[in-house]
There are 2 protein chains.
Amino acid sequence: MVAMAEFAPDVPVYIQLAGILRDQMASGQIQPRQPLPSIAHLSQTYGVADQTVKKAIRILRDEGLVHTWPGKGTFVSEQSG
Amino acid sequence: MVAMAEFAPDVPVYIQLAGILRDQMASGQIQPRQPLPSIAHLSQTYGVADQTVKKAIRILRDEGLVHTWPGKGTFVSEQSG
DNA sequence: CACAATTTGTTCGTATGTATT
DNA sequence: TAATACATACGAACAAATTGT
């Protein structure tokens with residue numbers, strides 16, 4: 001049973017995806033200091049383009065919920081749970 | 001005389017590059033069990049990014065024409081000539 | 001054993017072009 | 001026109017395997 005998301009119409013996918021990830025961090029499904037799935041992985045999981053995932057992650061980064069290190073990955077901030 | 005490729009428009013470079021390498025294997029310019037030029041070398045030769053070369057090689061690998069050993073290189077399969 | 005060079009793989013960032021709405 | 005979404009392409013950093021010194 002894969003969590004294949006159904007995206008609601010009239011709301012941009014990248015905003016919905018940011019919401020999904022935000023919820024997973026808030027609920028502790030993704031813990032502080034732990035890495036998010038890679039862009040490529042999220043792209044495949046949700047069936048969206050890399051660029052769309054990058055846009056979603058950028059939102060979370062702007063909110064300070066995650067920190068990104070190029071070449072390593074994106075990690076959940078400590079102030080996110 | 002370097003084979004500086006002119007890439008046609010409207011066809012992705014990585015697909016054209018895969019075609020070039022495929023032709024070289026089919027014609028015997030690159031023999032079975034022999035290594036392809038390294039990614040860095042192909043990148044310089046054809047004036048494209050590493051990622052583009054990797055995408056081209058991935059196509060050939062998916063087709064079974066080459067096999068890759070990380071740290072060693074990519075080698076032409078026996079069923080490719 | 002340690003170290004560096006080479007090689008592939010993986011990661012994220014950015015920019016551009018195209019199509020759709 | 002603008003925003004969204006996808007595909008392509010380049011740039012850069014990090015990791016791991018291999019090889020040679």
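Chain letters run A, B, ... following the sequence lines, proteins first and then strands; every chain starts at 1.
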Nearest-angstrom distance from the residue atom CD1 of Ile39(A) to P of dG13(C) | 5 Å
Is any side-chain nitrogen or oxygen of Ser38(A) closer than 4.0 Å to OP1 or OP2 of dT11(C)?
-> yes
Please report, rounded to the nearest Å, how far the C1' atom of dT8(C) is from the CG atom of Asp50(B).
-> 10 Å
To the nearest Å, how far apart are Lys55(B) NZ and dT8(C) P?
-> 18 Å
Which nucleotide in the set dG13(C), dC10(D), dT8(D) lies at the smallest distance from any side-chain heavy atom of Thr68(A)?
-> dG13(C)
Of dC10(D), dG13(C), dA7(D), the nucleotide closest to the side chain of Pro70(A) is dG13(C)
Trp69(B) vs Phe75(B) aromatic rings, parallel, tilted or perpendicular, using cut-offs 30° and 60°?
-> perpendicular
Round to the nearest Å and state the distance from Ile15(B) atom CD1 to dA7(D) atom C1'.
-> 10 Å
Starting at atom CG of Leu42(A), determine the distance to atom C1' of dA5(D), rounded to an integer number of angstrom.
-> 17 Å
What's the OH-C1' distance between Tyr14(A) and dT4(D), to the nearest Å?
-> 8 Å
Side chain of Lys72(A) - closest among dA5(D), dG13(C), dC14(D) | dC14(D)
Could you tell me whether Arg58(B) contacts a base, only the sugar-phosphate backbone, or nothing, with contacts defined as non-hydrogen atoms closer than 4.0 Å?
-> nothing
Once you round it to whole Å, what is the distance between C1' of dT8(C) and CG of Leu60(B)?
-> 15 Å
Nearest-Å distance, CD (Gln51(B)) to C1' (dT14(C))?
-> 13 Å
Would you indicate, yes or no, if dT7(C) has its OP1 or OP2 atom less than 4.0 angstrom from a side-chain nitrogen or oxygen of Thr74(B)?
-> no
Any donor-acceptor pair under 3.5 Å between the side chain of Lys54(B) and the base of dT10(C)?
-> yes
Candidates dC12(C), dA7(D), dT8(D) - which lies nearest the side chain of Pro12(B) | dT8(D)
